[in-house]
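Being a predicted model, the structure only gives us computed values, none of them experimental.
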Amino acid sequence: MDEKQRIIDLRAELNRHNHLYYVENAPEISDQEFDRLMHELMDLEARHPEMYDPDSPSQRVGSDVSQEFRQVRHRYPMLSLANTYSRADVREFYDRVSAGLGGRKFQICCELKFDGLSISLLYEHGRLVRAATRGDGEQGDDVTANVRTIRSIPLRLPEGDYPDVFEIRGEVLLPWKSFERLNAQREAEELPLFANPRNAASGTLKSKTSRVAALRGLDAYLYYLLGDNLPSDNHYDNLQKAASWGFKISKAMRLVSSLEEIYQYIDYWDEERHKLPVATDGIVLKVNSLAQQRELGYTSKTPRWAIAYKFQAERARTRLLKVTFQVGRTGAVTPVANMEPVLLSGTVVKRASLHNEDMIHKLDLHEGDYVYVEKAGEIIPQIVGVDENARSGDGRPIEFIRTCPECGAPLIRYEGEAAWYCTNTVTCPPQIKGRIEHFISHDAMNIDSIGPETVDALYQRGLIRDAADLYRLTVADLSGGGETREKSARKMLRGIDESRKVPFERVLYALGIRFVGKVSARNIARAMKSMDAIAGAPADVLSDIEGVGGVIAGSIHSYFADPRNRDFVARLRQAGLQMQVAAPTAPTGEALRDKVIVISGVFTHHSREEYKEIIEQQGGRNASSISRNTSFVLRGDNMGPAKLEKAQKLGIPLVSEDEFLRMIGEA
């Protein structure tokens with residue numbers, strides 16, 4: 001086939017798969033197959049620069065080029081909605097609409113109120129030409145470059161009956177899964193956590209490099225169509241038409257004709273919203289007819305034909321017992337509120353992070369205060385206020401400590417940061433143990449036979465002072481006598497020994513260099529190839545690597561400038577860890593040639609990573625998700641219920657560990 005035609009075909013195919021995955025939630029191919037098609041497209045586009053198209057799926061990965069946001073004026077003002085928290089207010093709204101229409105019949109479109117950042121998308125001749133935030137309602141920031149990375153937003157529409165020019169509005173948000181992954185990554189790197197998905201989505205959409213937006217997994221739901229020559233004179237039908245053009249429209253919309261039906265909708269979603277993959281904070285009610293909307297008109301700030309009913313955030317009042325301080329592996333000191341236990345959103349809450357000194361001052365916390373607690377995003381408990389009327393007057397203001405609670409060393413607060421840090425990086429116990437726990441974690445060296453309790457015990461006995469000491473441990477060190485303990489000790493030593501095979505990029509991540517996460521470690525390893533090259537590289541060279549930048553580069557440079565860190569890396573090298581990128585190896589067998597395999601569960605004979613390597617060595621391909629193209633699932637114990645259900649639904653064979661080993665000829 002002609003390469004230029006193949007580029008056109010690949011773009012169409014990848015756009016279709018993007019829509020199936022991000023909008024319809026019905027993928028037809030595995031992630032690996034999608035990546036293979038994407039790489040083929042990128043290779044062909046590199047050979048044919050004359051075929052450049054800014055709307056190509058290959059352009060959705062974002063850029064590291066910094067951007068400043070320019071202000072753009074909205075074609076139609078983006079007004080806010082009047083908020084209500086009571087059924088009485090909903091009734092008043094309903095009655096006002098009825099009176100405003102002279103008692104004529106009308107329908108209300110009930111929709112979920114997604115908790116994200118409002119966005120306006122302008123399309124001309126089926127092509128996205130501009131994306132802007134709400135701003136002050138009259139003008140907002142042009143965030144087109146970042147929005148183009150959101151896979152559920154079409155860059156170019158297929159042929160259809162849409163107007164030449166139209167605007168569609170909606171909400172950009174971060175799904176729970178992406179939010180939890182992002183906060184877990186930030187917690188591992190001891191960066192401030194996002195309080196809720198809305199804050200995370202807002203910060204991501206305002207990122208100065210679109211690469212950040214691409215990596216974080218933003219999503220979008222669209223809920224309002226504007227322009228001339230719209231397909232219908234009612235709101236609901238316009239959105240159903242927009243869905244047929246390829247836009248992601250919520251399937252939770254419902255047309256109702258009575259106040260009682262509105263109440264039923266509110267009651268239903270007040271419970272069911274907890275099962276949604278994204279955050280919602282209420283219900284939006286809109287008059288369905290556009291003609292009736294125009295008749296009802298606007299106040300100076302809000303439309304008269306729509307209102308937002310906000311769900312009540314569950315809040316509890318309890319007594320603050322004391323504030324304690326925790327030290328993380330990078331030395332960051334975090335204040336923690338210890339409270340009298342209180343039931344909140346179905347769980348008992350007795351601790352809440354106060355994040356930093358600034359939050360303590362903002363809340364004006366005193367000893368013995370009665371505080372109000374909510375679950376941010378209904379996940380993370382946080383103190384949102386103080387009942388000052390219940391304050392006795394005897395409690396002293398809470399003061400942030402100035403020395404480490406673990407080792408007594410002075411704390412320091414770096415310019416531009418909210419956290420205080422322990423200055424004793426050498427002998428502060430939580431930092432030492434924290435760095436070792438990070439080193440053995442699943443995403444680093446994956447020594448799962450050793451847990452935090454074992455690390456603490458070995459540290460207390462003086463057997464380890466850093467992660468390199470793990471490779472000097474013996475059965476006698478770990479067992480302490482007894483057959484059962486000796487068996488456990490040998491298992492630990494096998495896990496330590498197996499970690500010598502862990503690839504270089506994870507060894508780099510395992511070092512625990514401040515700000516170096518999994519993604520940046522991988523990019524640095526692939527760019528620099530070896531630990532020696534990284535250790536000797538100037539900061540400006542490191543900062544040019546994709547996803548690194550000045551802050552991470554400076555942190556790496558400072559790490560290797562410390563002789564103690566260089567000695568630590570040298571001891572890891574002596575222990576036999578991988579210190580450079582391994583050369584690719586050709587398959588050694590053909591037992592799994594052309595088979596697409598998904599691994600799920602816990603295994604006895606090999607680790608998951610080892611099975612992935614075996615599959616590739618036998619000519620097979622690993623996939624992370626089950627689809628019709630999956631050849632079989634390598635099933636271990638405790639297979640994920642969602643994957644099991646999908647495999648059974650699609651009729652995908654489940655292969656046990658022993659069956660798999662026989663299949664490849666391993667006894």
Side-chain angles (χ1 to χ4, degrees), residues 18-20 22-26 74-81 97 106-124 126-128 131-132 134 147 150-173 219-257 261-262 265-266 268-269 272-273 276-278 280-296 303 305-309:
N18 264 331
H19 180 79
L20 287 169
Y22 292 100
V23 179
E24 300 295 338
N25 195 26
H74 297 301
R75 299 182 66 185
Y76 308 93
M78 292 186 72
L79 302 180
S80 58
L81 296 180
V97 168
F106 60 94
Q107 287 183 307
I108 294 290
C109 185
C110 301
E111 307 170 15
L112 293 176
K113 185 177 184 299
F114 296 104
D115 194 15
L117 194 70
S118 297
I119 198 74
S120 170
L121 307 175
L122 178 62
Y123 284 80
E124 294 180 357
R127 183 170 176 265
L128 175 66
R134 180 181 177 276
V147 166
I150 303 174
R151 305 298 179 92
S152 54
I153 292 179
L155 303 182
R156 186 177 292 170
L157 305 179
E159 290 188 11
D161 53 352
Y162 41 79
D164 277 351
V165 179
F166 68 90
E167 186 176 335
I168 190 165
R169 291 177 178 171
E171 207 82 358
V172 170
L173 39 78
D219 200 355
Y221 282 87
L222 289 310
Y223 51 65
Y224 193 42
L225 192 66
L226 299 101
D228 301 326
N229 304 315
L230 296 181
S232 171
D233 194 46
N234 74 74
H235 171 68
Y236 181 87
D237 287 345
N238 279 336
L239 287 187
Q240 299 311 305
K241 198 67 175 176
S244 74
W245 300 336
F247 291 104
K248 190 169 188 175
I249 308 296
S250 171
K251 293 181 172 62
M253 293 173 58
R254 180 182 170 194
L255 278 179
V256 302
S257 302
E261 287 179 297
I262 293 176
Y265 187 88
I266 289 173
Y268 177 81
W269 283 109
E272 288 298 308
R273 65 192 173 100
L276 292 170
V278 295
T280 58
D281 61 351
I283 300 293
V284 174
L285 307 173
K286 298 175 186 171
V287 172
N288 187 43
S289 165
L290 301 189
Q292 290 178 335
Q293 288 183 10
R294 291 189 290 270
E295 185 176 346
L296 291 166
W305 44 266
I307 195 171
Y309 172 85

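Here the options are Gln240, Glu111, Gln293, the test is side-chain hydrogen bond (donor to acceptor under 3.5 Å, both in side chains), and the partner is His235; only Glu111 passes. Residue Val97 forms a side-chain contact (heavy atoms from CB on, under 4.5 Å) with just one option from Leu285, Val287, Ile307, and that option is Val287.
Remark: Phe114 engages Tyr221 in a ring pair (Phe, Tyr, Trp, His ring centres under 6.0 Å) (not counting sequence neighbours). Annotation: side-chain hydrogen bond (donor to acceptor under 3.5 Å, both in side chains) contacts of Arg254 (sequence neighbours excluded): none. Glu272 is linked by a salt bridge (charged side-chain N to carboxylate O under 4.0 Å, His left out) to Lys275, counting only residues two or more places apart in sequence or in another chain. A search for side chain to side chain contact (heavy atoms under 4.5 Å, CB included) contacts involving Asp233 returns Ser289, Leu290, Ala291, Arg294, not counting sequence neighbours. Not a single side chain to side chain contact (heavy atoms under 4.5 Å, CB included) links Pro158 to another residue, sequence neighbours left out. A search for side-chain hydrogen bond (donor to acceptor under 3.5 Å, both in side chains) contacts involving Glu167 returns Ser120, Arg169, not counting sequence neighbours. By the salt bridge (charged side-chain N to carboxylate O under 4.0 Å, His left out) test, Asp115 is found to be paired with Arg198, residues two or more places apart in sequence or in another chain being considered. Residues satisfying the side-chain hydrogen bond (donor to acceptor under 3.5 Å, both in side chains) criterion with Trp245, sequence neighbours excluded, are Asp161. Applying the side chain to side chain contact (heavy atoms under 4.5 Å, CB included) rule to Asn234 yields the partners Ser232, Tyr236, Asp237, Asn288; only residues at least two apart in sequence or on another chain are considered. The side-chain hydrogen bond (donor to acceptor under 3.5 Å, both in side chains) test applied to Glu295 returns Arg104, not counting sequence neighbours. For Ser244, the side chain to side chain contact (heavy atoms under 4.5 Å, CB included) partners two or more places apart in sequence, or in a different chain, are Lys241.
In this structure, the separation between SG on Cys109 and CG on Asn238 is 10.5 Å, given to the nearest 0.5 Å. Here the straight-line distance linking atom OH of Tyr123 with atom CG of Leu155 works out to 7.0 Å at 0.5 Å rounding. With rounding to the nearest 0.5 Å, the separation of CD1 in Ile108 from CD1 in Ile283 is 13.0 Å. Here CD1 of Ile168 is found 11.5 Å from CG of Leu122. Values are rounded to the nearest 0.5 Å.
With ring centers used as reference points, Tyr309 lies 6.0 Å or more from Tyr265.
What you find for Pro303 and Ser80 is that their closest heavy atoms are CD-O, 3.5 Å. Closest of all the heavy-atom pairs between Ile262 and Cys110 is CG1-SG, 4.3 Å. Of all heavy-atom pairs spanning Lys248 and Ala220, the tightest one is CD-O, 3.4 Å.
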**Request:** Could you please spell out the steps behind the side-chain contact (heavy atoms from CB on, under 4.5 Å) verdict for Val278 and Leu112?
**Result:** CA-CA 11 Å; Val278 295; Leu112 293 176; over 6 Å; no
**Request:** Would you sort out whether Val165 and Glu124 count as a side-chain contact (heavy atoms from CB on, under 4.5 Å), showing the intermediate values?
**Result:** CA-CA 5 Å; Val165 179; Glu124 294 180 357; 4.1 Å; yes
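A donor-acceptor pair under 3.5 Å is formed between the side chain of His74 and the backbone N or O of Arg134.
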Please list every donor-acceptor pair under 3.5 Å in which a side-chain atom of residues 222-229 meets a protein atom from a residue at least two apart or in another chain.
residue: Tyr223; atom: OH; partner: Gly170; partner atom: O; Å: 3.3
residue: Tyr223; atom: OH; partner: Glu171; partner atom: OE1; Å: 3.2

